[in-house]
Q: 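Handing you a structure now.
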There are 2 protein chains.
Amino acid sequence: MRYHRGDIVERAIEVLDQYGLADLTMRRLGSELGVQPSALYHHFANKQSLLGAVADELLARGLRPPVEGPWDDQVQAVCVQLRDAMLAWRDGAELVATVHAFGLGARAAYDAMVGALADSGLPDQMVPTAARALLHLVFGHTAEEQTQLQASSVGAIDLAPSESSDFTDSLALLLDGIRVRVSPGAPRRRAAPRAAPPR
Amino acid sequence: MRYHRGDIVERAIEVLDQYGLADLTMRRLGSELGVQPSALYHHFANKQSLLGAVADELLARGLRPPVEGPWDDQVQAVCVQLRDAMLAWRDGAELVATVHAFGLGARAAYDAMVGALADSGLPDQMVPTAARALLHLVFGHTAEEQTQLQASSVGAIDLAPSESSDFTDSLALLLDGIRVRVSPGAPRRRAAPRAAPPR
DNA sequence: ACCTGAACACCGTTCAAGT
DNA sequence: ACCTGAACACCGTTCAAGT
């Protein structure tokens with residue numbers, strides 16, 4: 001049977017979800033497809049770029065069309081969608097964080113973030129900076145969150161039940177910083193929310 | 001000859017700097033120490049935890065004693081020190097980012113960040129959140145920066161000469177967000193700086 | 001264009017045994 | 001306490017050859 005890049009990426013996501021990142025090897029993926037490992041090198045230059053494509057696909061699947069509304073709601077929506085997309089697969093966040101640390105993947109995620117920031121009133125030259133900062137926060141936080149989730153599901157003690165509210169709080173911190181840079185004439189439709197009250 | 005954890009970590013940093021993260025293997029490190037690879041398992045449970053210790057040491061070496069002055073200068077100083085510590089070694093940032101994504105390492109870095117935030121006037125329950133957000137930004141950004149630096153030093157084209165000013169700008173964004181949460185009575189000694197003017 | 005088969009040069013980790 | 005020697009069960013990648 002003959003495959004294309006898309007088929008291989010799709011199967012790679014299934015292997016990732018079933019066996020984890022450590023067992024997503026070229027040999028295992030090959031045998032899962034009923035193909036020699038060397039056949040994969042006809043579609044991808046190396047494992048690194050295959051993983052990049054997997055990360056891209058995984059994130060792109062989670063992104064919804066832009067919502068109507070204020071820019072900060074849009075940014076928040078993109079961040080939540082990216083987080084959910086990673087948490088939906090075993091080791092999804094670790095994969096994205098690793099691949100992103102090596103400068104690959106997450107193209108669609110970056111574009112979505114830039115799109116959401118486009119009509120914020122943020123100075124043009126700050127938009128890429130803000131988008132990158134948001135992505136680092138989302139990827140970094142979700143990777144940490146997922147390792148803890150998976151560790152505690154394997155039997156360890158969990159002392160941090162508020163991981164997902166921590167995600168929202170971190171995001172709010174950075175969003176407030178972005179609002180400060182938004183020029184006064186721009187559509188700043190809502191006030192900065194306060195921190196969640198102590199429980 | 002007999003070694004302790006510290007000796008092994010120290011030699012691991014040298015191997016990292018000379019040969020890169022991909023060649024920092026248990027076998028290579030063993031032979032570099034004149035020892036069987038299996039001997040390393042007497043000091044570390046596995047490669048993962050050895051890498052965690054290496055990341056910790058690498059960051060701890062870059063941290064200076066806290067400076068006197070406003071909290072935001074202290075936070076900025078810690079972030080710059082961490083970035084410099086990672087950039088000082090080949091693949092230093094990739095190592096830290098990878099290890100941190102798996103929930104290990106960076107203990108000293110976290111403590112330093114919390115220390116710098118302690119007298120900011122930020123509500124106590126927000127301090128860990130802000131510290132984690134800052135670390136994700138610093139680690140994520142520096143990893144991206146270092147891959148680009150090393151890629152361009154190998155011969156690729158570099159279209160982004162302003163990577164280090166991007167670091168400062170991202171940080172300023174998040175610091176502004178933190179300032180918003182600082183209670184009015186606290187020592188907020190300086191106004192939020194503006195974004196760098198377009199060049 | 002896509003794949004096989006075989007090989008090359010490695011890995012991390014375990015474990016009985018030594019000193 | 002620290003290390004050796006040998007083994008186990010794998011890796012990513014290359015490359016001539018096939019269809």
Q: Please list, by residue number, the residues of residues 21-30 of chain A whose heavy atoms come closer than 4.0 Å to an atom of DNA chain D; answer none if no residue qualifies.
A: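 Heavy-atom cutoff 4.0 Å gives A:Thr25, A:Met26, A:Arg27.
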Q: Side chain of B:His43 only, heavy atoms from C-beta on: which candidate in D:dG12, C:dC3, D:dC2 is closest?
A: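 Ranking D:dG12, C:dC3, D:dC2 by closest atom to the B:His43 side chain puts D:dC2 first.
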Q: CG of A:Leu40 versus P of D:dG12: gap in Å, rounded?
A: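 Roughly 10 Å, once rounded to whole Å.
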Q: How does each nucleotide of nucleotides 14-19 of chain D score, in 5' to 3' order, for protein heavy atoms under 4.0 Å: base (B), sugar-phosphate only (S), or none (-)?
A: BB----
Q: Hey, which of B:Val114, B:Ile178, B:Val78 is the one that makes side-chain contact (heavy atoms from CB on, under 4.5 Å) with B:Leu134?
A: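 Single pass found, and it is B:Ile178.
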Q: Please lay out, stage by stage, how A:Arg107 and A:Asp111 fare under the test salt bridge (Lys or Arg N to Asp or Glu O under 4.0 Å).
A: CA-CA 6 Å; A:Arg107 184 77 225 187; A:Asp111 292 342; 3.5 Å; yes
Q: Side chains of B:Gln18 and B:Asp23 only: does a donor on one sit below 3.5 Å from an acceptor on the other?
A: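 Result is no, nothing qualifies.
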Q: Just how far, in rounded Å, is P of D:dC2 from NE2 of B:His42?
A: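 Result: 6 Å.
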Q: From the options C:dT13, D:dG12, D:dG5, select the nucleotide whose nearest atom is closest to the side chain of B:Lys47.
A: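 Selected nucleotide (nearest to the side chain): C:dT13.
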Q: Would you say the side-chain atoms of A:Asp166 and B:Thr129 include a donor-acceptor pair closer than 3.5 Å?
A: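 Yes, a side-chain donor-acceptor pair sits under 3.5 Å.
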Q: Taking the nucleotide of DNA chain D with the closest heavy atom to each, which residue, A:Asn46 or B:Gln36, is nearer the 5' end?
A: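 Going by which nucleotide is closer to the 5' end, it is B:Gln36.
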Q: Identify the nucleotide, in any strand shown, that forms a Watson-Crick or G-U wobble pair with D:dA7, with both distances under 3.5 Å; if there is none, say none.
A: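 Here D:dA7 is engaged in a pair, and the nucleotide opposite it is C:dT13.
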Q: Can you tell me, in whole Å, how much space there is between the P of C:dC10 and that of D:dA9?
A: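 Taking atom P in both C:dC10 and D:dA9, they lie 22 Å apart.
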Q: Is there a side-chain contact between A:Asp91 and A:Leu24, using heavy atoms and a 4.5 Å cut-off?
A: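 Result no, sub-4.5 Å side-chain heavy-atom pair not found.
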Q: Got a second to check how far B:Trp89's CH2 is from B:Glu14's CD, nearest 0.5 Å?
A: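 These two atoms lie 7.5 Å from each other.
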Q: For C:dT19, give the paired nucleotide (Watson-Crick: N1-N3 plus N6-O4 or O6-N4; G-U: N1-O2 and O6-N3; both under 3.5 Å), or none.
A: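 Pairing partner, where one exists within any strand: D:dA1.
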Q: Which heavy-atom pair separates A:Leu117 from A:Val75 by the least distance, and what is that distance?
A: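 Heavy atoms of A:Leu117 and A:Val75 come nearest at CD2-CG2, 3.7 Å.
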Q: In sequence, state the C-alpha distance, the side-chain angles, and the governing distance for B:Leu87 and B:Glu145, and then conclude on side-chain contact (heavy atoms from CB on, under 4.5 Å).
A: CA-CA 9 Å; B:Leu87 291 180; B:Glu145 184 176 359; 4.2 Å; yes
